[in-house]
**Q** 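Quick one: the structure is below, and I'll ask about it shortly.
Lettering follows sequence order; numbering is per chain, from 1. Keep in mind it's a predicted model, so treat the numbers as computed, not measured.
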Amino acid sequence: MLSLKGLSKRFGGVVAVDRVTLEVRAGEVHGLIGPNGAGKTTLIHQVSGSLPADTGEILFEDRDITRLAAHQRVRGGLARSYQVTSLFRRFSVLDNLALAVQARSGSSFSFWRPVAAERALFDEARDIAARINLKRVDVPAASLSHGEQRALEVGLALATRPKLLLLDEPMAGMGPEESKRMIDLVRRVRETVTLLLVEHDMDAVFRLADRISVMVNGRLIATGAPEAIRRNDEVRKAYLGDELAA
Amino acid sequence: MRILLVALVAAAFPWVMHALGQDFYTSFATRVLIYAMAAASLNLVLGYGGMVSFGHAAFFGAGAYIVAILAAEGITSLWIAWPVAVAGAALAALVIGAISLRTRGVYFIMITLAFAQMMYYVFISLKAYGGDDGLSLPGRSSTGLGVSLSNDFVWYYLVLALLALVLFLLHRLLHARFGRVIEAIRENETRATAIGYPVYRYQLLCFVISGAVAGLAGALIANQTSYAGPTLLHWVQSGTLMIMVILGGVGRFWGGPIGAAVLLVLEEVFSASPLLGPYALHWQLPVGLILLAVVLFAPQGLAGALAKRSQ
Amino acid sequence: MSGILFLEQTLNSLQFGLMLFLLAAGLTLVFGIMDMINLAHGSLYMIGAYLMATLAEATGSFWVALPLALVATALVGAALEVSLLRRLYERDHLTQVLATFAVILIANEVVRMIWGNQSLMLNPPAGLTGPVTLPGGMQYASYRLLIIGVGAAVAVCLYLLVTRTRMGMLVRAGASNREMAVAMGVNIRRLFTIVFALGAALCALAGAMLGPILAVQVGMGENILILAFVVIVIGGIGSIRGAFVGALLVGLVDTMGRALLPIAFAKLFSPPVASNLGPSVSSILIYVLMAAVLFLRPQGLFPARG
Ligand SMILES: Nc1ncnc2c1ncn2[C@@H]1O[C@H](COP(=O)(O)OP(=O)(O)OP(=O)(O)O)[C@@H](O)[C@H]1O
Ligand SMILES: [Mg+2]
């Protein structure tokens, strides 16, 4: 479904993403793990189109999207969430979701008809709010708890009806209770959407992912089933080395 | 309710002033209405779109100059001159916006300023059209309908009607899909892109619409004073429009009109008041102090303060 | 065109560029470190020129008045920073633009109240009123040579200050990463005030040096302020080196454009077209330059921040 071929990104002297070749299969949950600064977020930026690729190609459903603008990739069915929560903070939860629905359904170069009259937008927004377990939909997004904001973060991406969803640390900063809810949410989402899941919570990744790729210093050092990754020497070295250094 | 009241006052204003023998104030009010339109157009990009354009005078001035230049070339028909002024301002906004919107933050502020300065210098170097001195119009545009706009009553009502129309259209636009997207981009541009909006195109269109409305206001101001001069294009003019917007309320629907009214009234009071005696010459001082106070202590502007009180 | 004219215009470019640099240096530091748009920078230039003219009149000597005017303007700048601008650092750019715009209005009126509407005269220092003959036989105003000398000396001093001293290091650290500067335990508030006072003194120097050439009048700061903004935007906001290169570039393009374009147009077009086109194109040349630079490099030539 998604295949990256020799993708690279350099920031001055730092090679954040170093010739990454990776295949995400339709229907799977593909975990992407790696220590801090490994380049995971940068990779997500490149796939979603917010950073250009220095070299390499990105194929999505066999189409070359390397040069496609970010918003066009979304229209093609490739959505993402952010590691650092990024919402329309002063808009209500419902308005947040309705905006995302609106982006997908019909043209927004419309100047006359009030949005408020568009039932369908808000009905669908309510559906999504229910799917991500948000009860209070009329309050500003900024007033939600951290866990709820993270859920809305995923909800915004879902509202675009993606085929492939890039989740950048959905559990970042969550307590155990909130994490559990997020895991449930991801489980439900995976029924219909292919996922590339970046996460530091190893427990969660190993439980959710069908396959896992490991990134260290911009390089992909291993890809495989969770069991194989757990046993992989190089991966253990990278992580153990990390722990020893810490 | 409140809007009916405003409409009523606006409609009755010239009659009341006439009855009081103060016809001067009708002309002053017309000026306020025109600036209200210009400020509302700036509020669209600045307040709703979050694009801090420091060169709005370019479009305002362009509208005025186009009407004046057409008149100098013998074209005084409203039906030609005004649409051309609007289209010309929109075209200028398209070109300026297309380049400026590639930049962000301070760079955007400065590049819009630079473009307005360009316009300013281009027009003062056009010796054939008045150069430094500006250009006088033989009179107001002709309607071809047997109604003369040189009658200040007629003129007032025409400007009032146009302002009402513009505000109505802006209101529709802001509550329609387009307006929601524009505000969403202001709130979080990154996220707007990530849910699939081509941000640049929306911003550019918003910029062009705003420029077109400013162009119409410019066409009106040239008619109002029968004159188009370089001060209309000067960066201080851009600053003045920004002051109006912030006095009234950035991103508040009535912010532009309220700010325009307040600033012009302040100017009038401070520059003409016999109370101030010789200090009336220094009217910019109190205006500066008031602006400073509003910016520091009431950043929501007057419309914001009003909204808070009525809650 | 003749070599003499070309040389003369080159010197004029240099003189204009260096004076722009004095203004732009303070502006870009304030901009870079505090992320603050200060439109009132031009007012400090105006105030500096007025103070200089008054002090020169009172003391009867250009050279005695100059340091006094610099110190006085630096104090005005520091007072402005402490009383008002400091409140604006955390606010958005729109607020900064408007608040400092208000300062312009206020400063203009206060200057008018004190000095009146008439523009003031400022004479060049004794002995520098006439032309000198340069090697090669060219005549050039000696005072303009002095401006070039002073401008170049200040540019070198500033460069050393920013690259070689502890304060300069802090300034650079602040421009590229404010949190880091704070983390290093810098007394940021005092640093800001000092930088601001320094910027004000540079404004006064520019105002004092240009005073004898241009008129000392209300509003003199506004147009040159915009040029200074053009300079720092071209150079990359926060970068002293960018301000220097930008200033020389703007000085060159503007001066040469005004001198050469009319000549070129006269050759290319019919006289009426050329006489209209020449001034209009040359007066917008620097803005075209700026738009072109931003089009190609939206962060300016030497971006200070990543
Ligand atoms: N805009 C940027 N400019 C310069 N360097 C950057 C930029 N973004 C990321 N980097 C660098 O690239 C490397 C990879 O960063 P990235 O954020 O992709 O890591 P990550 O794997 O997502 O880390 P984390 O687990 O902490 O989120 C880091 O060394 C980082 O400092
Ligand atoms: Mg990351």
Side-chain angles (χ1 to χ4, degrees), chain A residues 44-45 48-51 68-82 84-91 95-118 121 140-142 152-153 155-162 165-166 168, chain B residues 41 44-45 47-50 90 94 101-102 104 165-210 212-213 249-253 299-300 304 307 311:
Chain A
I44 298 278
H45 281 325
S48 68
S50 39
L51 278 177
L68 220 54
H71 67 91
Q72 287 168 315
R73 299 185 196 194
V74 182
R75 298 245 160 144
L78 184 63
R80 68 170 293 185
S81 75
Y82 288 88
V84 180
T85 312
S86 174
L87 306 169
F88 304 107
R89 294 175 57 81
R90 287 194 287 178
F91 285 23
D95 282 344
N96 267 272
L97 293 169
L99 259 165
V101 176
Q102 178 186 324
R104 192 203 69 231
S105 58
S107 166
S108 284
F109 288 99
S110 144
F111 310 92
W112 184 255
R113 183 159 167 238
V115 173
E118 295 197 45
L121 287 187
L152 182 54
E153 176 75 33
L156 280 180
L158 278 181
T160 65
R161 282 204 198 145
L165 183 53
L166 314 168
D168 196 353
Chain B
S41 76
L44 177 65
V45 276
Y48 290 94
L94 180 67
L101 285 168
R102 285 170 49 96
R104 287 289 174 266
L165 179 69
V166 163
L167 288 180
F168 175 66
L169 292 177
L170 282 178
H171 194 265
R172 291 297 302 208
L173 173 150
L174 287 169
H175 287 87
R177 283 185 161 212
F178 184 77
R180 298 304 291 164
V181 177
I182 285 299
E183 285 199 76
I185 292 170
R186 176 198 66 202
E187 284 290 296
N188 189 341
E189 184 180 333
T190 315
R191 184 43 108 165
T193 308
I195 54 177
Y197 290 110
V199 164
Y200 179 82
R201 268 181 248 163
Y202 284 94
Q203 290 192 318
L204 184 56
L205 183 59
C206 179
F207 200 79
V208 170
I209 293 172
S210 164
V213 175
V250 180
R252 302 254 164 197
F253 187 73
Q300 300 281 310
Q311 262 169 27

**Q** Shorter than 4.5 Å, heavy atoms on both sides: which option in Ala157(A), Pro114(A), Ser108(A), Ala103(A) has the most such pairs with chain B?
**A** Ser108(A)
**Q** Minimum heavy-atom separation for Leu169(B) and Trp112(A), please, with both atom names.
**A**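 Between these two residues, the closest heavy atoms are CD2-CZ3, 3.9 Å.
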**Q** Within a strict 4.5 Å, meaning less than it, do heavy atoms of the Asp95(A) and Arg180(B) side chains meet?
**A**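 Heavy-atom side-chain distance check passes, below 4.5 Å.
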**Q** In terms of heavy-atom pairs under 4.5 Å, which option from Ser105(A), Pro162(A), Ala159(A) contacts chain B the most?
**A**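 Highest number of pairs under 4.5 Å: Ser105(A).
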**Q** Is it the side chain or the backbone of Ser48(A) that comes within 4.5 Å of chain B heavy atoms, both, or neither?
**A** neither
**Q** How far apart are the closest heavy atoms of Val115(A) and Arg177(B), and which atoms are they?
**A**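 Distance-wise, the nearest heavy atoms are CG2-N, 3.2 Å.
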**Q** How close do Ser110(A) and Ala176(B) get, counting heavy atoms only, and between which atoms?
**A**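 It is O-CB, 3.4 Å.
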**Q** For Arg89(A), does the CZ atom sit with more than 12 other heavy atoms under 6.0 Å from it, leaving out its own atoms?
**A**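 Counting other residues, nucleotides and ligands, CZ of Arg89(A) stays at 12 neighbours or fewer.
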**Q** Using the rule given for side-chain contact (heavy atoms from CB on, under 4.5 Å), can you reason through Asn96(A) versus Arg191(B), listing the C-alpha separation, both sets of side-chain angles and the distance that settles it, and then say yes or no?
**A** CA-CA 10 Å; Asn96(A) 267 272; Arg191(B) 184 43 108 165; over 6 Å; no
**Q** When only pairs under 4.5 Å are counted, which of Ser107(A), Ala98(A), Ala117(A) shares the most heavy-atom pairs with chain B?
**A** Ser107(A)
**Q** Tell me, do Arg186(B) and Arg90(A) make a side-chain contact under 4.5 Å, heavy atoms counted?
**A**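 Result yes, sub-4.5 Å side-chain heavy-atom pair found.
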**Q** Measure the spacing between CD of Gln102(A) and CD1 of Ile195(B) and express it to the nearest 0.5 Å.
**A**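 It comes to 8.5 Å.
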**Q** Rounded to the nearest 0.5 Å, what separates atom CZ in Arg113(A) from atom NE2 in His175(B)?
**A**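 One finds 15.0 Å between CZ of Arg113(A) and NE2 of His175(B).
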**Q** Under 3.5 Å, which donor-acceptor pairs link side chains of residues 198-205 of chain B to any protein atom two or more places apart or in another chain?
**A**
unit_1    : atom_1 : unit_2    : atom_2 : d
Tyr200(B) : OH     : Ala98(B)  : O      : 2.6
Gln203(B) : OE1    : Arg104(B) : NH2    : 3.3

**Q** Checking Ala69(A) against chain B: side chain, backbone, both or neither under 4.5 Å from a heavy atom?
**A** neither
**Q** Who are the side chain to side chain donor-acceptor pair (under 3.5 Å) partners of Ser81(A), not counting sequence neighbours?
**A**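 Ser81(A) satisfies side chain to side chain donor-acceptor pair (under 3.5 Å) with no other residue.
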**Q** Output all residues satisfying salt bridge (charged side-chain N to carboxylate O under 4.0 Å, His left out) with Arg102(B), sequence neighbours left out; order by chain, then residue number.
**A** none
**Q** Using non-hydrogen atoms and a limit below 4.5 Å, what part of residues 72-80 of chain A faces chain B?
**A**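 Listed by number, the contacting residues are Val74(A), Arg75(A), Arg80(A).
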**Q** For Asn188(B) and Phe88(A), indicate whether the former's side chain and the latter's backbone hold a donor-acceptor pair under 3.5 Å.
**A** no
**Q** Using a 3.5 Å distance criterion without hydrogens, assess whether the side chain of Glu187(B) forms a donor-acceptor pair with backbone atoms of Phe91(A).
**A**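 Here the side-chain-to-backbone pair does not exist.
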